[in-house]
J.: 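My questions all concern the structure below.
Residue numbers begin at 1 in each chain, while the letters A, B, ... track the order of the sequences.
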There are 4 protein chains.
Amino acid sequence: MKRRADTATRIIQAAESLFAEQGFNETTMRQITAVAEVNLAAVNYHFRSKQGLVNAVCERLMEPLCDYIEKALDERLSSGLAVSLDELLEMLMRALLSVSHINSHSLAVFMRLLELAYMKNQEELREFFITQYAPRLEKYLQCLRLDAAPMEDNEFFWRLHFMLGSVIFTLSNYHMLLTLEKKSFQGNVEIEQILHRMIPVLSAGLQARAEKAYFCRL
Amino acid sequence: MKRRADTATRIIQAAESLFAEQGFNETTMRQITAVAEVNLAAVNYHFRSKQGLVNAVCERLMEPLCDYIEKALDERLSSGLAVSLDELLEMLMRALLSVSHINSHSLAVFMRLLELAYMKNQEELREFFITQYAPRLEKYLQCLRLDAAPMEDNEFFWRLHFMLGSVIFTLSNYHMLLTLEKKSFQGNVEIEQILHRMIPVLSAGLQARAEKAYFCRL
Amino acid sequence: MKRRADTATRIIQAAESLFAEQGFNETTMRQITAVAEVNLAAVNYHFRSKQGLVNAVCERLMEPLCDYIEKALDERLSSGLAVSLDELLEMLMRALLSVSHINSHSLAVFMRLLELAYMKNQEELREFFITQYAPRLEKYLQCLRLDAAPMEDNEFFWRLHFMLGSVIFTLSNYHMLLTLEKKSFQGNVEIEQILHRMIPVLSAGLQARAEKAYFCRL
Amino acid sequence: MKRRADTATRIIQAAESLFAEQGFNETTMRQITAVAEVNLAAVNYHFRSKQGLVNAVCERLMEPLCDYIEKALDERLSSGLAVSLDELLEMLMRALLSVSHINSHSLAVFMRLLELAYMKNQEELREFFITQYAPRLEKYLQCLRLDAAPMEDNEFFWRLHFMLGSVIFTLSNYHMLLTLEKKSFQGNVEIEQILHRMIPVLSAGLQARAEKAYFCRL
DNA sequence: TATGAATGAGCGTTCATTCAT
DNA sequence: AATGAATGAACGCTCATTCAT
């Protein structure tokens, strides 16, 4: 039995916590290694570079999420019954909730990673997401599409990102949002609540009838 | 007649463009002054510090937005007729659109500023928003509340932030999203389209019936 | 009648005060012009450079000191009676006291200037002292020599600098020394006291019999 | 066997040399690291900051000085015979001489450090001296007091600082003073000579009868 | 496997000075 | 006589990374 966790694990845990609080570029290797109580060079030794550590954090989060969704979706589809939009969203929320159990900051850092992947100069991370994980979630997205209001492909593309924005923003900042709501943090209880509250909102958003014309011609 | 714009303005414009593309901490003063074609020390001369420049950028965006919304809401309310949720959202979108005319990156940097304000260590910026601009938007939020589904205060708080997440995420990354949609950027046309597309989604999200119980007890 | 002093004078006064508190290199042009409530460029306009300002401060202090000593010494010598060492030192102290009336920091900045002149890279200032003021004080030094214990030239050279060290150190730091003595500053009263206290000490030091051999051969 | 000294030592030695010649604020980290032939960042790595380097230099000088004086005084006192003022001063001079062997600039930089500690804005350094070293020198000062002329506490306070001024000024600038004396520098021989020359002067100064009244009432 | 030492590049900031008005 | 704007140079410091052990 080990007295202290594996060095690489300690680093990842420290990194997740700091990434969640401060963001990636704002977190220094010195901070990470200080919190992890390991040598400064250990990050480069174990993960090659800071970006390598970010990727490792990414994997540790995306893998169980994809696993969960794939498995849950297959189980549900095997019943033969039609799957409702709310069921699909609850499936997603449960997947996120399972990720949140990795540690208390994992959801926030996860969402920050997704944010980061949309930044112009993060081609590598973006490519990593697209090639590694996009295919595994495709079936889930097709199900969503079927339950959403009828709309064209590009409309669905944007709706997905409106939804993604809600999820990312809320979970990235949920610690701060709880503070602003003037409630003290009580762990996963609130995360469940927040995730649950999103379901009807996202559901309504995806099912809202798309309008053809728009308001403003300048 | 001046051959080139005022130094301070050139700096702000360069900063907005770079902030929008890269974020604040990722943008260096050397990048800003190189793009603006001014001396490195000019930023400190005109804005005291990098943070001072961020604040200046912030003001230049928030002021016209608040002006627009206050004015438009007062005009609309003076008619005496009830204001629908879609009207309120269109009002917001038009306000954002007016900000987008400042320059092609202003909406993105604006949204990044809002994101930033929710970060733990940005108390100063957050306080700036809360004291300077929150009061000016209160009346608008009350109108939103009246048109939303009946719900408790904290439910409304979260709904607002779900909605805010959609707006912030989409507009922060709209350049990248357009790229992913495989369409080339054609200026404000797309922004209008995106803003318009949000209205029914946000409207449906705010009007969705809140559920009392939630799914998961661990 | 002028409502505010001449710009150049205001600058000198501000500079003296700041130089006395912080030293020369530690005092910035911005601090000086802020205290003087003049434009930043005014220093360069009136004094060509920061060094030019230092020289101006120097002149404003050395001129009256030399005047005082020359005049007092000539008056005293014209009586035909022999001049005692204590009289000479009191003459010096009164000269310093007269300088201290220029403003409350003038003695401290004066002493700091003398310190500075002994620094390796301050050849210009050192040359300025030597060519401008050394000749005017020569007669006074000769009188000191006559009243000191008999000793060789180089011994006298060092004794003078031991004495100079006492004066410079004490007056450079007299504000701080008063603080350490746990007494509050009450203006020129203390300076008089301190100057007076130095006389018997310096007198005894100059009159002490020089020893030929010294203690340590390694 | 190492071909070149330890990096930290090289830095300290370069720093001492430059500090002695130019002062602290006038010496840049780039100068230090250039002379030491080490990387610019090495100073921060080994000493955390420039101030940290100053503190390290300080410790390297004060420690052996205090050790020397404490040990020499205890030895001398254990003989049971009364200690004369000249003996005490010679003890001090030998202590300074032992410090001067650290390297050719160590006494000058030491004296500059003492000067610095009396500056208004150097509270930290001053506190460092007071808490770390003042207690270790207290016994020595009490012996000085016993051998000095009878006088009140505050008179003794000032006399000590007159004496300190002589020592600090002379040793801070002894290189320059030798130059002005038109003699070339020949290493520790001159330092011994200068230190020795101070003894009768300081001794006479401390033993001079204090006067009660003073000369000038304005 | 792990680490203390070291490094090149770059950071935000400040400096005394200059220049056009 | 005076000033707001601007500048080149340099500042102390921190960064992620590398390397010898």
J.: Quick check: does any side chain N or O of B:K50 sit under 3.5 Å from a backbone N or O of B:F24, one acting as donor and the other as acceptor?
T.: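 Confirmed, B:K50 side chain pairs with B:F24 backbone.
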J.: Could you give the CG-to-C1' distance, from A:D6 to E:dA2, as a whole number of Å?
T.: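 Going from A:D6 (CG) to E:dA2 (C1'), I get 12 Å.
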J.: Taking salt bridge (Lys or Arg N to Asp or Glu O under 4.0 Å) as the cut-off, I'd like each qualifying pair that reaches into residues 109-118 of chain A, sequence neighbours left out, listed once.
T.: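 As it turns out, the salt bridge (Lys or Arg N to Asp or Glu O under 4.0 Å) pairs with a partner in residues 109-118 of chain A, which skip direct neighbours, are A:R112-A:E115.
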J.: Just by distance, do the side chain of D:T131 and the backbone of D:E127 share a donor-acceptor pair under 3.5 Å?
T.: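 Answer holds: yes.
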J.: Report yes if a side-chain nitrogen or oxygen of A:H46 is closer than 4.0 Å to either non-bridging phosphate oxygen (OP1 or OP2) of E:dA2; otherwise report no.
T.: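 Affirmative; the distance criterion is met.
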J.: Rounded to whole Å, how long is the line connecting atom CD1 of A:I11 with atom P of E:dT1?
T.: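 Atom-to-atom, A:I11 to E:dT1, this comes out as 13 Å.
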J.: Round to the nearest Å and state the distance from D:R10 atom CZ to E:dA6 atom C1'.
T.: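 After rounding, the reported distance stands at 13 Å.
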J.: Below the 4.0 Å mark, does F:dA5 have OP1 or OP2 next to a side-chain nitrogen or oxygen of B:T7?
T.: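 Looking at the OP1 and OP2 atoms of F:dA5, neither is under 4.0 Å from any side-chain N or O of B:T7.
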J.: Under 3.5 Å, is there any donor-acceptor pair linking the side chain of D:Y45 to the base of E:dA6?
T.: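 Under the 3.5 Å cut-off, the side chain and the base do not form any donor-acceptor pair.
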J.: Minimum heavy-atom separation for B:A15 to B:L53, with atom names?
T.: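 Between these two residues, the closest heavy atoms are CB-CD2, 3.8 Å.
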J.: So which heavy atom on C:L113 is nearest to which on C:C58, and how close?
T.: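 Here C:L113 and C:C58 meet closest at CD1-CA, 3.6 Å.
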J.: What is the distance from CD1 of A:I32 to P of F:dT14, rounded to the nearest Å?
T.: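 Checked: the CD1 to P distance equals 17 Å.
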J.: For DNA chain E, what is the dot-bracket line, given that a base pair needs Watson-Crick (N1 to N3, plus N6-O4 or O6-N4) or G-U wobble (N1-O2 and O6-N3) geometry with both distances under 3.5 Å, and | means paired with another strand?
T.: .||||||||||||||||||||
J.: Please state how far atom CG in A:N39 lies from atom P in F:dA20, giving the value in whole angstrom units.
T.: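 These atoms are roughly 16 Å apart.
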J.: Let me know the distance between CG of D:L40 and P of E:dA5, rounded to the nearest Å.
T.: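 Rounded to whole Å, this separation is 18 Å.
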J.: Locate the shortest heavy-atom distance separating D:M176 from C:Y118; write the atom from each residue and the value.
T.: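 Result for this residue pair: CG-O, 3.2 Å.
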J.: Do any of residues 48-55 of chain B sit with a heavy atom less than 4.0 Å from DNA chain E, and if so which?
T.: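 Those residues are B:S49, B:K50.
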J.: List in chain and number order the residues that pass side chain to side chain donor-acceptor pair (under 3.5 Å) with C:Q22, two or more places apart in sequence or in another chain; answer none if no residue qualifies.
T.: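 Counting only residues at least two positions away or on another chain, C:Q22 forms a side chain to side chain donor-acceptor pair (under 3.5 Å) with C:T27.
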J.: Between C:Q31 (side chain only) and C:T28 (backbone N and O only), is there a donor and an acceptor less than 3.5 Å apart?
T.: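 At least one qualifying donor-acceptor pair exists.
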J.: Under the side chain to side chain contact (heavy atoms under 4.5 Å, CB included) test against D:I11, which residue among D:V57, D:I32, D:D6 passes?
T.: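 Going through D:V57, D:I32, D:D6 one by one, the side chain to side chain contact (heavy atoms under 4.5 Å, CB included) with D:I11 is satisfied by D:I32 alone.
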J.: Do the side chain of A:R126 and the main chain of A:M119 share a donor and acceptor less than 3.5 angstrom apart?
T.: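 Yes, the answer is positive, given that a donor and an acceptor are paired below the 3.5 Å cut-off.
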J.: Using a cut-off of strictly less than 4.0 Å between a heavy atom of the residue and any atom of DNA chain E, enumerate the qualifying residues of residues 22-30 of chain C by number.
T.: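 The answer is C:T27, C:T28, C:M29, C:R30.
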J.: CG of C:N44 versus C1' of F:dA5: gap in Å, rounded?
T.: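 It works out to 14 Å between those atoms.
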J.: Does anything in residues 15-28 of chain B pair up under salt bridge (Lys or Arg N to Asp or Glu O under 4.0 Å), and if so which pairs, sequence neighbours excluded?
T.: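 Listed once each, the pairs are A:K120-B:E21, B:E16-B:R60.
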